[in-house]
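No hydrogens, no waters, no symmetry mates; every other heavy atom, side chains included, goes into these values.
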Amino acid sequence: MNKVRGSVPVKEVSKPSPAELVRVNIEVEKETRQHWRMEAIKRGLSLKELIQQAMESHIK
């Protein structure tokens, strides 16, 4: 059976440790960042999630 108890914080357990994370910094115009942020809000995402999804779809 592939069920997980509701009390198990699967998202927390599956997150990479901070040691595995790296920061990517890019410079964009203020208006571009605002546009991306508004689009993320419309989709119910964080700006980070929006950028990650866009990059993943672009490189596949």
Side-chain angles (χ1 to χ4, degrees):
M1 193 174 248
N2 290 341
K3 290 194 172 191
V4 177
R5 287 189 329 258
S7 62
V8 176
V10 176
K11 287 185 177 184
E12 294 300 318
V13 173
S14 63
K15 283 184 181 178
S17 71
E20 295 174 332
L21 299 176
V22 297
R23 180 170 296 278
V24 176
N25 292 314
I26 60 171
E27 289 186 18
V28 296
E29 292 179 357
K30 184 177 180 178
E31 292 80 16
T32 300
R33 189 208 180 275
Q34 289 171 336
H35 177 71
W36 291 354
R37 179 70 178 127
M38 293 306 297
E39 190 60 36
I41 290 169
K42 286 182 199 173
R43 297 176 186 215
L45 301 169
S46 68
L47 181 54
K48 172 186 160 185
E49 290 168 324
L50 180 78
I51 293 170
Q52 287 175 326
Q53 286 181 9
M55 287 308 303
E56 285 302 316
S57 68
H58 183 71
I59 61 176
K60 287 184 179 181

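By the salt bridge (Lys or Arg N to Asp or Glu O under 4.0 Å) test, R37 is found to be paired with no residue, residues two or more places apart in sequence or in another chain being considered. The salt bridge (Lys or Arg N to Asp or Glu O under 4.0 Å) search around K30 returns none, not counting sequence neighbours.
A single hydrophobic cluster is not seen to contain both M38 and L45; linkage of ILVMFWY side chains at heavy-atom distances under 4.5 Å, directly or through other members, places them apart. Taking hydrophobic clusters as Ile, Leu, Val, Met, Phe, Trp and Tyr residues chained together by side-chain heavy-atom distances below 4.5 Å, V28 shares a cluster with L47.
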Tabulate below the donor-acceptor pairs under 3.5 Å that side-chain atoms of residues 50-59 make, not counting sequence neighbours, or state none.
| unit_1 | atom_1 | unit_2 | atom_2 | d |
| --- | --- | --- | --- | --- |
| S57 | OG | Q53 | O | 3.3 |
| S57 | OG | A54 | O | 3.0 |

**Message:** Quick one, R33 with E29, criterion salt bridge (charged side-chain N to carboxylate O under 4.0 Å, His left out). Give me CA distance, side-chain angles, the key distance, then yes/no.
**Reply:** CA-CA 6 Å; R33 189 208 180 275; E29 292 179 357; over 6 Å; no
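Atom-to-atom distance recorded for E39:CD and H35:NE2 is 6.0 Å, nearest 0.5 angstrom.
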